[in-house]
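Here the structure is laid out as structure tokens; the discussion comes afterwards.
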Amino acid sequence: MAHSRGWEEVGDRVFVRRYEFFDQNIGVVLGRDAALVIDTRTTYRQAREILDDLRELTLAPVEVVVDTHGHYDHAYGNRIFRPATIWGHVGCRPFMERTGDARRERIISELPDLADDIGEVEIDPPDKSFDERAVVEVGDRQVELRFLGRGHTDHDAVVLVPGTGVVFAGDLLEEGAVPSFGDSFPLDWPATVGALAPLVDGIAIPGHGDPGGPDWVREQAKELRAVADLGRRIAAGELDLDDAVGLTPYPAYPAEDVRRPLKRAAAHARRELTEAVSS
Ligand SMILES: [Zn+2]
């Protein structure tokens, strides 16, 4: 797998750079005399690295940032991009305000190498938000933001770059690892990626890992559907968690990585059952 291979132009003046840390994709859309950056990474140091690398493409200022969601590896570098306007789904700011301080403490304990860097981060959530759809100007071109439903989080923003066939999907799509279910809505996620698939007529950029085309996106929806279905069967008492592990679409990954998604899917399915009974 190629890392740190520089900017790759995936559409007309649309670029992706793959950072080794978390195998993360950062997107850039260039308009006339302005740049838009998609996701800002984990620390100020990492965010500044984006700005430095950007100089290979343009000297224009970053006027717009889009946070695909409020997780630390996507949005904790925000502050470095000010005074840029930062966009996120309407759920992004409250998520970051609710979780920011606790998450920062958790990262400090889980990733001690980052302790100093993450310690200086001030949570700086998006100042512009949208519900379903927004059109954002960057220089002479427009970029479309969409919310397609709950999935990896309750506020995943998808970025469409009209005329290029490029879609930035954030962590709604994940390549090279089991998708991250920690804040997810496992029962909604398949339909959300199902709604994303017809919007991809070229290349879909996941938050982490290799990009893919429409077939890959449909395949991801199918895998997520399988996890949701297994969660429902566990919740219904038809299946043990341990037996379900072997039935997931992730045979190549460690069982522990697969148990977490199943547990969360089962918990949400149990809640759904309880709500169905009580209503
Ligand atoms: Zn995430």
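Read the numbers this way: they start at 1 and go in the same order the structure lists the ligands and their atoms.
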Write out all pairs satisfying side chain to side chain donor-acceptor pair (under 3.5 Å) with one or both partners inside residues 216-231, taking only residues at least two apart or from two chains.
Asp215-Arg218
Going by an N to O cut-off under 4.0 Å, is there a salt bridge joining Asp183 and Arg103?
yes
Between Arg150 and Trp189, is there a donor-acceptor pair closer than 3.5 Å when you use the side chain of the first and the backbone of the second?
no
For the Zn ion (ligand 1), which protein N/O/S atoms are closer than 2.8 Å?
His69 NE2, His71 ND1, His152 NE2, Asp171 OD2
Does Glu122 pair with Arg104 as a salt bridge, N-O distance under 4.0 Å?
no
Closer than 3.5 angstrom, by distance alone: can the side chain of Asp257 be matched with the main-chain N or O of Tyr253 as a donor-acceptor pair?
no
Could you check whether Arg41 pairs with Glu49 (Lys NZ or Arg NE/NH1/NH2 to Asp/Glu carboxylate O, under 4.0 Å)?
yes
